[in-house]
Amino acid sequence: MSTLPRTFRRLAAMIALLGLALVATPITTPALAQQQPNSVNPTADAVKEDQLLNQLRIVNGRGTIPDVKSYNLEQPRGRDWRQFQEVTLPWIGAIAILGILALLVLFYLMRGMVRLENGRSGRTIVRFNAFERFVHWMTATCFVILGITGLNITFGRKLLLPLMSPEAFTAWSQAGKYAHNFLSFPFTLGVVLIFLMWIAWNLPSKTDVAWLKDGGGMVGGKHPPAGHFNAGQKLVYWIVVLGGGAMAATGYMLMFPFALTDVAGMQNTAMVHGVVAVLFFAVMIAHAYIGTIGMEGAFEAMGTGTVDLNWAKQHHSKWVEEEVATGRGATPPSGAAATPAE
C-alpha cells in the first residue's frame, strides 16, 4: 500500500513537467509559420534598415505645417532617385557629350572642312530674314546658358568645386539657378516660334531619302539635291522642337513642384529632364560644328542672312531653283550691273 502513493506522486510530477514543457514551447501553425519570415519588429536590435523600409515603405514623422508631404522622412524610391542623379545621369552625360566631341574631332581630322567646290561666285542669295535670325540667336543664346547652368547641377560639385572656394561655388550656382529659371521663358518662346516659322519646310519628302543615301555630301564627293532644309537639318529641327518641348514641360513641372504630380512623379520628371538635357546638349554640339568649322560658308546663313550662290547650289540646289522660279534669285556682285538670275 505504501508504494501506491509513491507511484501517484511520480505520475503527478511527470504530468507537471510535461505541462511546463508545453507552456514554454510556442505553438506554431502553418499560417503563422508562413508569416514569420516576413514579420518585422521595429524595436528589435537585429532589425535591418532595408527590411524596415520594405515593410513600412515610407518612414513618416510628425509635423504641424500644412504640407503633409514634408512629414516623409525617407522612402525607398528616394534612394533610387539619388543613385540616378549622382551616378547614372553623370555617366550618361559624360558618354554623350565626350563621345560626340571625340567623333567630331575624328571626323574633322579625316574629312576636314567641307569646302566650296567651285569657290565663291561673288553673288549672294537671301537664306534667312532678320526675324528668323533673331529668333534663332535668342533661342541659341538661352540654350547655351541653360545648358551650362544645367550641367553645373550634374557636374559642378565634382569638377568646379575643387577649383574654387565653397563661397564662390555657392554664388556661381545660385546665379546659375536664377539664370536657368528665368531664361527658360525666352527659350520656350523661341522653340514655339521655330516650330511655327519652319514647319512647312521640315516635313519629310522623297528628297530626304536620296540625301541620306548619299551621306548628305559629308562623306564622298557627291552633293545630293535638297530643298530649303535637307534631311539632316530637318532632323535637328525636330530634335529642337520635341526635345525643347520636353525640356520646357519637365522644367516647368520642376519649377512649380507638386502642381501636377506627387513625389514619385517629381522624381520621374527630374530624371526625364536630366536625360533629355544631356542628349540635347550633345546633339547641339554637332549642329554648332556643322554651322561653323565643319562647312565653309554655312555660318553666313545665320550671320548675315545671305549665302554665296555657289554654296546654295552645292548644298540646296532644289531650294535655289524654287527661289529663282519665284523671282527671288541671287543678287549681283557688289559694284556690278544686275544680271538675270540663273
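Excluded from the calculations below are hydrogen atoms, water molecules and symmetry mates; all remaining heavy atoms, backbone and side chain alike, are included. What you are looking at is a predicted structure, and each value in this text was computed from that prediction instead of being measured.
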Checklist entry - Do D208 and N230 pass the side-chain contact (heavy atoms from CB on, under 4.5 Å) test, and can you show the C-alpha distance, the side-chain angles, and the key distance before you say yes or no? => result CA-CA 7 Å; D208 300 330; N230 58 44; 5.8 Å; no
Next on the checklist: In terms of relative ring orientation, are H315 and H223 parallel, tilted or perpendicular, with 30° and 60° separating the classes?
Outcome noted: perpendicular
Checklist entry - Of all heavy-atom pairs between A248 and T188, which one has the smallest distance, and what is that distance? => result CB-OG1, 3.5 Å
Item to check | Cation-pi, W311 ring and R127 (6.0 angstrom, 45 degrees) | outcome: no
Item to check | Minimum heavy-atom distance between G297 and V307, given as atom pair plus value | outcome: O-CG1, 4.3 Å
Checklist entry - Passes side-chain contact (heavy atoms from CB on, under 4.5 Å), M284 versus V240? Steps please. => result CA-CA 9 Å; M284 290 301 104; V240 169; 3.9 Å; yes
Item to check | Donor-acceptor under 3.5 Å (Q267 side chain, W81 main chain) | outcome: no
Next on the checklist: Donor-acceptor check, side chain of H316 to backbone of A226, threshold 3.5 angstrom: yes or no?
Outcome noted: no
Item to check | Distance, nearest 0.5 Å, that separates OG1 of T306 from CZ of R123 | outcome: 13.0 Å
Checklist entry - Are F131 and M138 joined in one hydrophobic group, where the rule is that I, L, V, M, F, W and Y side chains link up if heavy atoms are under 4.5 Å apart? => result yes
Checklist entry - Any link between I153 and L160 through a network of hydrophobic side chains (Ile, Leu, Val, Met, Phe, Trp, Tyr) touching at under 4.5 Å? => result no
Checklist outcome for this item: Taking every heavy atom of A312 against every heavy atom of I125, the minimum-distance pair comes out as CB-CG2, 3.9 Å
Checklist entry - Will you find, in the side chains of S121 and D308, an N or O donor that is under 3.5 Å from an N or O acceptor? => result yes
Item to check | Pairs meeting criterion ring pair (Phe, Tyr, Trp, His ring centres under 6.0 Å) with involvement of residues 87-109, two or more places apart | outcome: none
Checklist outcome for this item: Between the CG atom in L193 and the CZ atom in F134, the distance rounded to the nearest 0.5 Å is 9.0 Å
Next on the checklist: Going by the rule side chain to side chain donor-acceptor pair (under 3.5 Å), which residues pair with T250 if we only count those two or more places apart in sequence or in a different chain?
Outcome noted: H273
Checklist entry - Between I95 and L159, is there a shared hydrophobic cluster once you connect ILVMFWY residues whose side-chain heavy atoms come closer than 4.5 Å? => result no
Next on the checklist: Looking only at the side chains, is there a donor atom on one of N202 and W238 sitting less than 3.5 Å from an acceptor on the other?
Outcome noted: no
Next on the checklist: To the nearest 0.5 Å, what is the distance between CD1 on I285 and CG on L104?
Outcome noted: 8.0 Å
Checklist entry - Side chain of W172, backbone of N152: donor and acceptor closer than 3.5 Å? => result no
Next on the checklist: I'd like to know if the side chain of K234 reaches the main chain of L203, judged simply by a donor and an acceptor atom lying under 3.5 Å from each other, with no hydrogens or angles considered.
Outcome noted: yes
Next on the checklist: Tell me the closest heavy-atom pair linking T207 and K318, and the distance in Å.
Outcome noted: OG1-NZ, 3.2 Å
Checklist entry - Under 6.0 Å between ring centres, would you say that holds for F128 and H228? => result yes
Next on the checklist: Rounded at 0.5 Å granularity, tell me how far CZ in F281 sits from CE in M247.
Outcome noted: 11.0 Å
Can you give me every donor-acceptor pair (side chain of residues 174-187, partner residue at least two apart or in another chain, under 3.5 Å) with its distance?
from : atom 1 : to   : atom 2 : distance (Å)
H180 : ND1    : L146 : O      : 3.2
H180 : ND1    : T149 : OG1    : 2.8
S184 : OG     : N181 : O      : 2.5

Checklist entry - So M253 and T261, side-chain contact (heavy atoms from CB on, under 4.5 Å) or not? Walk me through it. => result CA-CA 8 Å; M253 290 178 67; T261 185; 4.0 Å; yes
Item to check | CG on L189 to OG1 on T139, rounded to 0.5 Å | outcome: 7.5 Å
Checklist entry - Is W201 linked to I199 within one hydrophobic cluster, defined over Ile, Leu, Val, Met, Phe, Trp and Tyr using a side-chain heavy-atom separation of less than 4.5 Å? => result yes
Next on the checklist: For a quick test of reading the model, state the closest non-hydrogen atom pair linking F84 to P90 and the distance between them.
Outcome noted: O-CD, 4.0 Å
Checklist outcome for this item: What one should report as the nearest heavy-atom pair of V135 and G190 is CG1-O, 3.9 Å
Next on the checklist: According to a hydrophobic-cluster definition based on side-chain heavy atoms being under 4.5 Å apart (Ile, Leu, Val, Met, Phe, Trp, Tyr only), do V320 and L116 belong together?
Outcome noted: yes
Next on the checklist: What verdict does the side-chain contact (heavy atoms from CB on, under 4.5 Å) test give for N129 and E132, after you've listed the backbone C-alpha separation in whole Å, the side-chain angles of each residue and the deciding distance to 0.1 Å?
Outcome noted: CA-CA 5 Å; N129 60 40; E132 290 174 312; 3.2 Å; yes
Item to check | Sub-6.0 Å ring centroid separation between W198 and Y237 | outcome: no
Checklist entry - Any side-chain heavy atom of R157 sitting closer than 4.5 Å to one from F169? => result yes
Item to check | Separation between CZ of F229 and CG of L235, rounded to the nearest 0.5 Å | outcome: 13.5 Å
Item to check | N/O donor-acceptor pair under 3.5 Å between Q314 side chain and E117 backbone | outcome: yes
